Amino acid sequence: MKIERMIGILSLLLQKEKITTPELAERFEVSKRTILRDIDDLCKAGIPICTMPGIGGGIQIMDGYRMDRTVLTSKDMKMILAGLRSLDSVSGSSYYSLLMEKIKAGSSDFINGSDTILIDLSSPHKAPISEKVTLVQTAIDLKQAIRFDYYSPKAESTRILDPYYLLFKWSSWYVWGYCRTKQDFRMFKLNRMDGLKLAEEQIHDREIPFPEFEIKTFFPSNVHLKAVFEPSMRWQLIENYGPSSFLIQEDGSLLFEVDEDEEGLVAWILSCGNKVTVLEPQSMRERLFAVTSELSKKYRN
C-alpha cells in the first residue's frame, strides 16, 4: 500500500505550504522513518521536496516548482471516489475505504457537497460473491491457480484455472484465465462457481493474450429473430436493446428484429409470456411450441 500512501503525502503537500514528519506519520499510521523513506522516493521520482529541521520547520515542495493544483477537479475526485466506493461494495475487506480516506487527506478543496454517484457492484447474495472476488484477487496476486465446481447450461464440471483478470461485465462478475482442463483460455461466471478455493498449482509462465470482451465473442449470434411485441412491452425492448430497436406498426404493436444466440433468445421470449409473437425463424416457433406444450401438460391438472 506504499504507492497509495505516497499519493496521499503528495496530495497533502500540494494543499499545504508545509507539514511535519510527525503529522504525516500520525495521519498515515506509520513510523517517521517510513515517512522519510517515502519522501526520499518522491524526490527520486522527480518531485523537488525539501525538509527544514527545527522549530518552524517541516516538509514542503520547493519554491519555484509549479504544479497545477487543479489537475484534479472536484468532478475528477468525485469520479475517483465513486469508483473506489463501487469496489468497496463487493470487497471482503475495508481496503478501499482506507484508500478513499488517504486520497481524501488534504483534498477538501476538491471535494464539496455530498456523494452524488453511488455504484453497487455486489449481487443479491453479497457475502458469497464478495468472498469469491477476494479469493480470486488473492490468487492473481499470489500467481496461484484456483479450483472450483462449475455449473453451466451445458454441463457440470470441476475446473482448475490460472486466473489473470477479474472483471465486472454484463452486470455480473467473471474471472478470465487459462483453463487447465480445456487447455485454453476461458471466462467463468463467479455466480456459477461452487467450492472455490486456492489450488496447490502455481501459475505457469506463458504468453497471455489480452482478452477481447465483445459480447459476440462469448455469445455468438446463430439465429435471426423477427417478432411482434404488444405495446405494453416497449419498456422491455428499450431496457434490453434501446429505443431504436423496434418499429411501431399501424396497430401500435412493435416489430422487433435481432441477431443473437438462440438459447438466450428462447429464455428471454418465454419470460415475456403471451406479450410476444415470434414470426421467424420457424425453428424457434417450433421450439417454443414444444416447450409451452410441455408446460401446459405439467400444469394442466
Side-chain angles (χ1 to χ4, degrees), residues 1-122 126-127 129-131 133-143 166 168:
M1 298 173 69
K2 178 177 180 177
I3 185 65
E4 291 85 5
R5 186 174 62 249
M6 290 172 65
I7 291 173
I9 292 172
L10 181 57
S11 177
L12 282 171
L13 292 175
L14 287 171
Q15 302 307 309
K16 296 187 176 184
E17 293 299 323
K18 191 184 301 178
I19 192 167
T20 66
T21 302
E23 285 177 320
L24 288 173
E26 182 179 359
R27 169 93 59 164
F28 295 102
E29 298 179 351
V30 295
S31 67
K32 290 186 286 185
R33 185 183 297 273
T34 297
I35 292 297
L36 292 175
R37 283 199 296 264
D38 290 340
I39 295 299
D40 185 51
D41 288 338
L42 286 171
C43 291
K44 290 177 182 177
I47 300 171
I49 299 174
C50 63
T51 59
M52 293 173 288
I55 299 175
I59 302 170
Q60 68 180 42
I61 294 180
M62 291 177 61
D63 292 338
Y65 180 76
R66 297 288 183 228
M67 180 177 286
D68 187 1
R69 296 187 182 190
T70 63
V71 66
L72 287 179
T73 65
S74 175
K75 183 177 181 180
D76 294 332
M77 287 300 297
K78 285 178 180 178
M79 295 300 104
I80 291 171
L81 295 177
L84 290 173
R85 247 191 325 274
S86 70
L87 291 174
D88 214 33
S89 69
V90 77
S91 172
S93 67
S94 59
Y95 171 76
Y96 296 105
S97 295
L98 294 173
L99 180 55
M100 279 190 286
E101 290 303 315
K102 289 182 179 181
I103 291 180
K104 282 182 178 180
S107 301
S108 56
D109 291 343
F110 290 153
I111 306 171
N112 299 309
S114 60
D115 300 323
T116 56
I117 299 177
L118 303 176
I119 305 171
D120 192 338
L121 299 180
S122 62
K126 182 172 181 178
I129 202 69
S130 297
E131 294 167 4
V133 168
T134 301
L135 191 143
V136 172
Q137 284 180 312
T138 300
I140 293 173
D141 291 340
L142 296 177
K143 295 185 177 181
L166 178 67
F168 186 81

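Source: prediction; values computed, not measured.
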Rounded to the nearest 0.5 Å, the CD atom of E26 sits from the CD1 atom of I35 at a distance of 11.0 Å
Sorted by chain and number, sequence neighbours left out, side chain to side chain contact (heavy atoms under 4.5 Å, CB included) with L166 holds for V133, V136, Q137, I140, W173, L190
Across all chains, not counting sequence neighbours, the side chain to side chain contact (heavy atoms under 4.5 Å, CB included) partners of E23 are I19, T20
Practice problem: Determine yes or no for a side-chain-to-main-chain donor-acceptor pair under 3.5 angstrom, with T34 supplying the side chain and V30 the backbone. | Solution: no
In this structure, CG of D38 is separated from CG of L42 (nearest 0.5 Å) by 7.0 Å
dist I39:CD1 -> L24:CG (nearest 0.5 Å) comes out at 6.0 Å
Between the CD1 atom in I9 and the CD1 atom in I59, the distance rounded to the nearest 0.5 Å is 7.5 Å
Value for CG (D41) from CG (L36), rounded to nearest 0.5 Å, stands at 11.0 Å
Across all chains, not counting sequence neighbours, the side chain to side chain contact (heavy atoms under 4.5 Å, CB included) partners of K32 are T21, P22, A25
